[in-house]
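Atoms considered below: every heavy atom in the structure, side chains included; atoms not considered: hydrogens, waters and symmetry mates. Throughout, protein chains are lettered first and strands after them, A, B, ... in sequence-line order, and every chain is numbered starting at 1.
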Amino acid sequence: RYVRQLQRLQLLFSPTAADARGARQFVEEAAQDFARQHPDVVLYVSPRSGPGPAPVLRAEYLNGTVREELIASKTSEEIVQLATKLANQSGLDIIRIRKPFHTDNPSIQGQWHPLTNKPSILTIQGPHLQPQ
Amino acid sequence: MVVLSAARWVRSRLSDRFWRVQEVLKYARHFRGRKNRCYKLAVRSVRRAFVRSTKARKEKKRFLRALWITRIEAASLEHGLKYPAFISNLVKSQVELNRKVLADLAIYEPKTFKSLAALAQRRRQEGFLAALGDGNEPEGIFSRIVHHH
């Protein structure tokens, strides 16, 4: 069963700043629809008073990663697209994956070591066997 | 006085030079010498590093294949077979395993690799019998070809 990895979305913006206009329009129009379409994501809208830092959309995931995306001077539709993109992501770091596979048990028959294909007399430790 | 356009003799000064420089230097941080600190030297080194990394993608494939071949050769010599004999007899027995998988088997599944070497050895003997035995012996078992349609 699918478990959405996005825990909460925090919309931090100032109600008077000019570049937060898209954020305010998003809150008025599209935030409720977005919240209804994604019932397992909690949407927090926290307006901060006075001139503060740029408006930001903060996404927190189940594995603890916090991702902040600037929404300054973005339209409401762009913020909706950004929010859906964050909702469909998992919280893993966005770096180059070295290998597309991973196993915890790579070897079933026992990994090769220099004594695998040698006669087993070499691995015996004990009192010296007398040659017969 | 209403000023509708900025005066033409006023030129704006660059304010985010620091971040433009950091964009380049962040790729040079693990270099040796002054080219990990000084922008002028770093620009050249970073550009060459990127060019080399794009060109190396083709060579990586060649390098890895050579590595797999070395490993398969070492593993098959442990079982008494040389690499050309091993690979050619595996192909003749319709075992379509590529070198990457064979190398991984040789490392992590030594018993499977031993059985593959035994299979190649048996097919080799059957090939010798078919070539030198003048048609009186029965056909080899592992020399039979399965047709998939």
Side-chain angles (χ1 to χ4, degrees), chain A residues 12-14 17-23 50-59 65-74 78 82 85-86 89 91-125, chain B residues 15-16 18-19 22-23 26-30 46 49-50 52-57 59-61 63-65 67-83 85-86 97-121:
Chain A
L12 299 151
F13 64 103
S14 153
D19 48 2
R21 181 164 62 114
V56 105
L57 182 59
R58 186 187 295 165
T65 25
V66 179
R67 197 152 157 221
E68 294 193 350
E69 299 264 351
L70 282 182
I71 45 177
S73 315
K74 282 206 166 94
E78 286 175 15
L82 192 64
K85 180 189 95 156
L86 289 171
Q89 278 180 352
L92 302 165
D93 321 323
I94 303 178
I95 46 168
R96 181 180 71 99
I97 315 175
R98 276 179 223 194
K99 296 188 201 182
F101 41 82
H102 171 77
T103 23
D104 289 322
N105 313 306
S107 175
I108 304 207
Q109 295 171 357
Q111 200 174 358
W112 184 90
H113 55 83
L115 292 168
T116 27
N117 292 323
K118 297 274 165 61
S120 60
I121 199 85
L122 295 168
T123 46
I124 296 175
Q125 284 178 1
Chain B
S15 54
D16 54 354
F18 173 76
W19 290 281
Q22 287 305 305
E23 263 183 15
K26 77 179 177 213
Y27 294 112
R29 283 305 176 201
H30 62 278
V46 162
F50 285 163
R52 282 175 180 160
S53 80
T54 46
K55 282 189 192 164
R57 278 174 214 148
E59 282 163 49
K60 180 178 173 182
K61 301 168 181 40
F63 169 75
L64 279 180
R65 187 173 162 121
L67 179 69
W68 297 327
I69 290 178
T70 323
R71 287 183 175 170
I72 297 169
E73 189 171 352
S76 59
L77 280 172
E78 276 198 339
H79 296 291
L81 266 178
K82 291 192 190 160
Y83 173 81
F86 179 65
L97 290 172
N98 59 358
R99 283 139 186 94
K100 174 170 103 163
V101 161
L102 284 172
D104 289 340
L105 285 178
I107 298 170
Y108 293 111
E109 253 94 308
K111 296 181 192 164
T112 313
F113 193 85
K114 184 172 180 179
S115 59
L116 283 172
L119 171 68
Q121 182 74 331

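Listed by sequence position, B/A106, B/I107, B/Y108 are the residues of residues 101-108 of chain B in contact with chain A, using a 4.5 angstrom heavy-atom cutoff. At a heavy-atom separation below 4.5 angstrom, chain B is approached by A/W112, A/T116, A/N117 within residues 112-119 of chain A. Within residues 71-80 of chain B, the residues approaching chain A closer than 4.5 Å by heavy atoms are, in numerical order, B/E78, B/H79.
More than 12 heavy atoms of other shown residues, nucleotides or ligands fall within 6.0 angstrom of atom CG in A/L122. When the shell of 6.0 Å around OH of B/Y27 is examined, it contains 12 or fewer heavy atoms from other residues, nucleotides or ligands. A 6.0 Å sphere centred on NZ of B/K114 holds no more than 12 heavy atoms belonging to other residues, nucleotides or ligands.
Note: A/Q109 CD to B/E109 CD = 5.0 Å, rounded to the nearest 0.5 Å.
Residues passing the side chain to side chain donor-acceptor pair (under 3.5 Å) test with A/R21: none are found, sequence neighbours excluded.
Taking all atoms of both residues into account, the shortest heavy-atom contact from A/G110 to B/P110 is O-CD, 3.1 Å.
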